[in-house]
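Let me begin by presenting the structure, written as structure tokens, before commenting on it.
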Amino acid sequence: MPSGEQVGGLPVVVALGSVDPGLVSGVLDGHCRFVPAPGGAELAAAEGAIARADARVDRALLDRAPALRVIARTGVGTDLIDMPAATARGIAVVTTPGAGAAAVAEGAIGMALHLVKRFGPLTALVREGRWAERAGVSVGDLDGATLGVIGYGRIGGRTAALAAAFGMRVLAYDPVSEPPADVRCASLGDLAARSDVITLHLPLNEQTRHLVDDAFLARVRPGAVLVNCGRGGLVDTDAVWRALTDGRLSGVGLDVFDPEPPGPHPLYSHPGVVLTPHLMGLSQRATAATFAAAARGVLDVLSGREPQAVADPAWRSHRTKEIHHDHR
């Protein structure tokens, strides 16, 4: 793969999506020229890219960036990146695991607390002058309840730790990485049947798409709360709507949707639902850490260093083949 044109002696790094230059300048300045709003010529010259969570990186975009050597994804999900195409071209796709883990975990617990404590309906009672109706709203507790964590990576583990601080029992299921024995559930159905609050922290792939469907929701405890701060496609929205309206779920918290932004759906206007626009991993501290980590990932690859987190290690062998081919 040909090396990109270096403007002013520095390799070009472009933003794919909205990236505040101030969040990456501390890492890239003096090493790369960062272009927050690239045109066609700058994209063609780019050796590195920082891609926001909602940026689609498909073959068409890769064709416009023939010099690209690394894409840094802000976060861990790569479902909007054509990974086979990137790997085949010797492009490293680096991620930023851990940078936003605490923020997402706080968001998941915050949604659970909002729903269990019924903050939405209770706020409406006060605002609408319906104080006398307060006894008709059943307020729950996290203390003594059971949290079921589906996906026990950095975010799932952090969510479990916060839940334990509230006095919750924790169960966990992960089809990829086995959780510790003291919290491990033998099956997804077992976790559904035993949990008062269920929180999703899995990547989206063919195996996990619509993991939460009618069959899963038929197993949940009546009145359970469901929180999804993972990927929108993990849940079947129609199935969740049916479970909420028939009382199997008492509340739903969503930070992620399929697609994003979502189209109209009756689920989103239900009083037992709390919604945020895929921002739980972008608190002030988490945003700074995530973009700095993405910039370091780009710089590591461009400098020949080993990046901390690579989505597909196979890129190295393809890169090596192409380098050898270019120097024949």
Is any side-chain heavy atom of [Y] closer than 4.5 Å to one of [X]?
X: Val94; Y: Val70; value: yes
X: Leu302; Y: Val13; value: yes
X: His31; Y: Leu10; value: no
X: Leu282; Y: Thr74; value: no
X: Leu202; Y: Pro175; value: yes
X: Val76; Y: Pro97; value: yes
X: Val116; Y: Phe166; value: no
X: Ile71; Y: Ile81; value: yes

*Summary of side chain to side chain donor-acceptor pair (under 3.5 Å) pairs that have at least one residue in residues 214-233, sequence neighbours excluded*: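 Output for this query lists Asp79-Arg231, Asp196-Arg221, Asp214-Arg242.
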*asked:* For Leu171 and Asp182: C-alpha separation, side-chain torsions, deciding distance, then whether side chain to side chain contact (heavy atoms under 4.5 Å, CB included) applies.
replied: CA-CA 8 Å; Leu171 300 175; Asp182 60 332; over 6 Å; no
For [Y], does its backbone N or O pair with a side-chain atom of [X] as donor and acceptor, under 3.5 Å?
X: Ser269; Y: Pro266; value: yes
X: Thr208; Y: Pro203; value: yes
X: Asp174; Y: Tyr152; value: yes
X: Arg154; Y: Arg158; value: no
X: Ser195; Y: Ile198; value: no

Inspect the surroundings of [atom1] in [X] and state if more than 12 heavy atoms from other residues, nucleotides or ligands are less than 6.0 Å away.
X: Glu260; atom1: CD; answer: yes
X: Gln284; atom1: CD; answer: no
X: Arg130; atom1: CZ; answer: yes
X: Arg305; atom1: CZ; answer: yes

Minimum heavy-atom separation for [X] to [Y], with atom names?
X: Gly281; Y: Ala286; value: O-CB, 3.4 Å
X: Val301; Y: Pro307; value: CG2-CG, 3.9 Å
X: Ala311; Y: Thr78; value: CB-CG2, 3.9 Å
X: Pro36; Y: Ala15; value: O-CB, 3.5 Å
X: Trp315; Y: Gly90; value: CE3-O, 3.5 Å
X: Pro38; Y: Leu43; value: CB-N, 4.4 Å

*May I have the step-by-step check of side chain to side chain contact (heavy atoms under 4.5 Å, CB included) for Leu62 and Val57, ending in yes or no?*
CA-CA 7 Å; Leu62 294 175; Val57 183; 3.8 Å; yes
Donor-acceptor side-chain pairing of [X] and [Y] below 3.5 angstrom:
X: Thr146; Y: Arg194; result: no
X: Asp190; Y: Ser187; result: no
X: Thr276; Y: His278; result: no

Could you tell me the separation between the [atom1] atom of [X] and the [atom2] atom of [Y], rounded to the nearest 0.5 Å?
X: Ser18; Y: Arg52; atom1: OG; atom2: CZ; answer: 5.5 Å
X: Asp312; Y: Met83; atom1: CG; atom2: CE; answer: 5.0 Å
X: Leu115; Y: Leu249; atom1: CG; atom2: CG; answer: 10.5 Å
X: Asp82; Y: Arg89; atom1: CG; atom2: CZ; answer: 8.0 Å
X: Ile50; Y: Leu28; atom1: CD1; atom2: CG; answer: 5.5 Å
X: Met168; Y: Leu142; atom1: CE; atom2: CG; answer: 5.0 Å

Between [X] and [Y], does at least one N-O distance fall below 4.0 Å, as a salt bridge requires?
X: Asp258; Y: Arg209; value: yes
X: Arg248; Y: Asp246; value: yes
X: Lys117; Y: Asp141; value: yes

Is there a continuous path of hydrophobic side-chain contacts, each under 4.5 Å between heavy atoms, that joins [X] to [Y]?
X: Leu204; Y: Leu200; result: yes
X: Leu80; Y: Ile91; result: no
X: Val240; Y: Val197; result: no
X: Leu211; Y: Val227; result: no
X: Val252; Y: Leu275; result: yes

*asked:* Asp300 vs Glu306, test: side chain to side chain contact (heavy atoms under 4.5 Å, CB included). Steps then yes/no.
replied: CA-CA 6 Å; Asp300 283 343; Glu306 184 72 12; over 6 Å; no
*In chain order, what residues pass the ring pair (Phe, Tyr, Trp, His ring centres under 6.0 Å) check against Phe257, with sequence neighbours excluded?*
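Testing Phe257 for ring pair (Phe, Tyr, Trp, His ring centres under 6.0 Å), a comparison that skips the adjacent residues, returns Tyr268.
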*After noting the C-alpha distance and the side-chain angles of Phe291 and Thr96, does the key distance pass the side chain to side chain contact (heavy atoms under 4.5 Å, CB included) rule?*
CA-CA 8 Å; Phe291 283 91; Thr96 58; over 6 Å; no
